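Structure first, commentary second.
Protein chains get the first letters and strands the later ones, always in sequence-line order, with residue 1 at the start of each. Because the structure is predicted, anything quoted here is derived from the model rather than measured.
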Amino acid sequence: MSDSTQTIETFANQEYKWGFVTDIEADAIPRGLNEDVIRLISAKKNEPEWLLDWRLKAYRHWLDMEEPSWANVTYPPIDYQNIIYYAAPKTKTDAPKSLEEVDPELLKTYEKLGIPLKEQEMLAGVAVDAVFDSVSVATTFKEKLKAQGIIFCSFSEAVQEHPELVKKYLGSVVPASDNFFAALNSAVFSDGSFCYVPKGVRCPMELSTYFRINAKDTGQFERTLIVADEGAYVSYLEGCTAPMRDTNQLHAAVVELVALDHAQIKYSTVQNWYPGDKDGKGGIYNFVTKRGACRGVNSKISWTQVETGSAITWKYPSCLLIGENSVGEFYSVALTNNWQQADTGTKMIHIGKNTTSTIVSKGISAGHGQNTYRGGVKILKSATGARNYSQCDSLLLGDKCGAHTFPYLEVRNTSAQVEHEASTSKIGEDQIFYCRQRGISTEDAVSMIVHGFCKEVFRELPMEFAVEAQKLLGVSLEGSVG
Amino acid sequence: MSLLEIIDLRAKVGDREILKGINLTVKHGEVHAIMGPNGSGKSTLAGVLAGRELYEVTGGQVLLDGKDLLEMAPEDRAREGVFLAFQYPVEIPGVSNMYFLKAAVNQIRKHRGQEELDAMDFLNLVREKMQIMKMDQTLLNRPVNTGFSGGEKKRNEIFQMAVLEPKLAILDETDSGLDIDALRTVSGGVNAMRSPERGMIVVTHYQRLLNEIVPDYVHVLADGRLVKSGGKELALELEAGGYAALGIYDEEEAVGRV
Ligand SMILES: Nc1ncnc2c1ncn2[C@@H]1O[C@H](COP(=O)(O)OP(=O)(O)OP(=O)(O)O)[C@@H](O)[C@H]1O
Ligand SMILES: [Mg+2]
């Protein structure tokens, strides 16, 4: 028994393979946060006046706000004056115009991470925006997408090239004053990805951003904005890693999605920030605000996330279902191992008629990991005929970890149909022995059971990412359909 | 060399000794039945042979084709050809029966230095065994044992055995929970697997199974020891007179400790 329990506990405990540091000179600003720092960031990006004002307003808001304490996570107080708010790899030119100008050290970094940026080796069918510390270092397939009118570029570039779009949608889903971390992000965000898919266009490839934190003691505050115009479709992937460091690093991102009439956005995340070591030292604090607005009729936004990294995850990708018949979906696998803590879930806010939402949450806890699902379903008076289905399952590996579930439900329209299912299970010694008796090792047995548990969520991921996600959970690829 | 040699095997759970010196030899091709009162240690013996960590082996030796079985991890025993049909098969939600079985087959093949089966070859193998066992296709696509009826679970065990083709099969009360027709089909499947290379240990309480799977030897396990051995007629004697007729009774019960 002790043997299998041990293997179960060390299961997700494989070495963090992405923990290397790239030796590259960084252009970083001094530690600390004040209005001058914000002006400096804005100036470095050559931003228009209105954006600087927007940042400063957010900052002043933030000063009056309190760090939220309701999440089921504990960590020592963060010293916001001890963080470096901007770091960028030094380049010869100001902004690399093409891949030839990108520092080879950076290209090597992404190659090592399995994200080749060189044209000839690129992942076919996936366009990548690579964000390194505070800046975007490369975006692939830009020209090809442009031919269809799709804009896919770094946020900084969008501010320069498409200010009208940025101005129209920035903060329209997550206002600058939305919450403590969103306000902080609004004040200091440095880069991120921007995507606009015009009317009636189905984006022909997966768009993807790969976030990498490299510099020490920096925070990463990126901002992503995706707009799908009438009848447009886009599938967007997000991946992230960071070096192993024994101090905690803050990542406070904001993602805003806007779907107009009949538009569809599929947003997938494989979050693999450094989780800290087995004693809980180091790791990323992942405090993220993600929200999508289904503004148009028949619009649809799907969030799929596989959260395996970070010391602490605080994240609730949500949907505002405004347009009639709009659809919101949330599929999540969150794994906490060692001393990781995750408080994650979603909010589905039904505003329009006949809006539907689906929530499938799978929490896996191992080691001393603490995994909390926090989900809100709110059905407003206007949302006649709204429906929600929530399913929320927890799997425990070992007996020192914990799973917690907090579903909140608020229904103001009696025609609403709401269904909630929840389960908690444990990988039992008898299950492991049964597998071993058939010649399957404990490790394979655990990964088989874990994979089976997550299947419904993995199914929602685009192919390339499903594979990645399975690897992350230590699952063999072979015969992966069950 | 014998297929299986058990020499003075002792095992305990917690502080309690359950196997108190078992001696048994199974030669290639033989079928041995083990009978005995509830709680006498039959499943414990099966579990110890399969390597369940719950039981602590305190003495004795077990050799499989001359190899020290007790040294091996459970999965290695399985790969060496030990198969246990569980008295209580375990449910594994989320993992399809097919996927599970394919993983098992390929682990065992790998161990034997054989090439792994691809999806097509595996399907052919499964189809063939399915017919013999009259297995319902839908059971294969469902998660392992999850929500199976008692009888379906038992049938699934023997079906797995047919696919894995072990050297030594241990069937722990495979007949319990089976209806009359199923008992016949399952026994038929077991009999089809009898071969000069393969040995079997069949644990049962009832003659009706031994009418179908006729054993070469019958042993009675009582209070952690094999107290009586004989040919297939021993089972008939038991059926007629019960264990008491053989002078076997539960020690605890007799002493009034229960
Ligand atoms: N995990 C355990 N903890 C405590 N006692 C156990 C455990 N497993 C088995 N035992 C005890 O060991 C003894 C032998 O059990 P075992 O299951 O081997 O009996 P059996 O001969 O298979 O009985 P049955 O015919 O009822 O299946 C029983 O008294 C049982 O209660
Ligand atoms: Mg038993």
Side-chain angles (χ1 to χ4, degrees), chain A residues 1-8 333 360-364 391 393-397 421-459 470 473-482, chain B residues 46-47 49-56 72-86 88-112 116-119 122 141-146 153 157 160-161 163-164 166 170 172:
Chain A
M1 165 131 188
S2 58
D3 198 25
S4 19
T5 313
Q6 221 169 36
T7 317
I8 289 172
V333 168
V360 177
S361 160
K362 305 276 178 178
I364 305 163
Q391 182 192 336
D393 300 318
S394 307
L395 183 68
L396 302 172
L397 287 71
E421 285 175 28
S423 77
T424 300
S425 51
K426 206 169 171 167
I427 297 189
E429 186 268 339
D430 55 340
Q431 289 176 322
I432 300 293
F433 179 68
Y434 189 77
C435 294
R436 295 179 80 187
Q437 210 306 300
R438 298 300 185 248
I440 300 164
S441 71
T442 304
E443 256 165 61
D444 289 346
V446 172
S447 63
M448 197 181 234
I449 295 169
V450 167
H451 179 217
F453 178 74
C454 302
K455 212 159 47 187
E456 287 156 276
V457 174
F458 284 169
R459 217 168 19 215
Q470 275 175 40
L473 291 184
V475 174
S476 85
L477 300 177
E478 189 229 333
S480 57
V481 282
Chain B
L49 293 177
R52 184 144 212 175
E53 288 157 352
L54 191 68
Y55 308 114
E56 189 192 336
M72 298 178 208
E75 58 268 38
D76 290 327
R77 301 183 195 200
R79 293 169 191 171
E80 284 289 327
V82 175
F83 181 92
L84 171 61
F86 287 66
Y88 305 107
V90 180
E91 302 194 351
I92 309 179
V95 179
S96 93
N97 228 348
M98 276 289 245
Y99 180 65
F100 176 78
L101 202 50
K102 182 159 176 255
V105 166
N106 281 332
Q107 284 300 334
I108 291 170
R109 289 182 68 93
K110 216 159 79 188
H111 183 79
R112 292 181 187 157
E116 293 189 23
L117 291 184
D118 63 24
F122 177 69
N141 298 325
R142 277 168 56 182
V144 181
N145 292 325
T146 309
K153 282 181 183 168
E157 292 292 289
Q160 290 184 16
M161 171 175 105
V163 173
L164 297 177
I170 306 162
D172 193 356

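Using a 4.5 Å cut-off between heavy atoms, B/Asn145 touches chain A through its side chain atoms alone. With a threshold of 4.5 angstrom between heavy atoms, B/Val82 approaches chain A through its backbone and through its side chain. Proximity to chain A involves both the backbone and the side chain of B/Leu84, based on heavy atoms less than 4.5 angstrom apart. Looking at B/Arg77, neither its backbone nor its side chain comes within 4.5 Å of chain A, counting heavy atoms on both sides. Only the side chain of B/Leu164 has a heavy atom closer than 4.5 Å to any heavy atom of chain A.
Ion pairing between A/Glu443 and A/Arg436 fails under the 4.0 Å rule for side-chain N and carboxylate O.
Among the candidates B/Gln107, B/Arg79, B/Arg52, B/Gln160, the residue making the largest number of heavy-atom pairs closer than 4.5 Å to chain A is B/Arg52.
B/Asn106 contributes a side-chain N or O that, together with a main-chain N or O of B/Leu117, makes up a donor-acceptor pair within less than 3.5 Å. Under a 3.5 Å cut-off, the side chain of A/Gln431 and the backbone N or O of B/Glu91 do form a donor-acceptor pair.
Legend: residues meeting ring-ring contact (aromatic ring centres under 6.0 Å, His included) with B/Phe100, ordered by chain and number and at least two apart, are A/Tyr434.
Minimum interatomic distance between A/Val360 and A/Lys362 (heavy atoms only, all atoms of both residues): CG1-CE, 4.0 Å.
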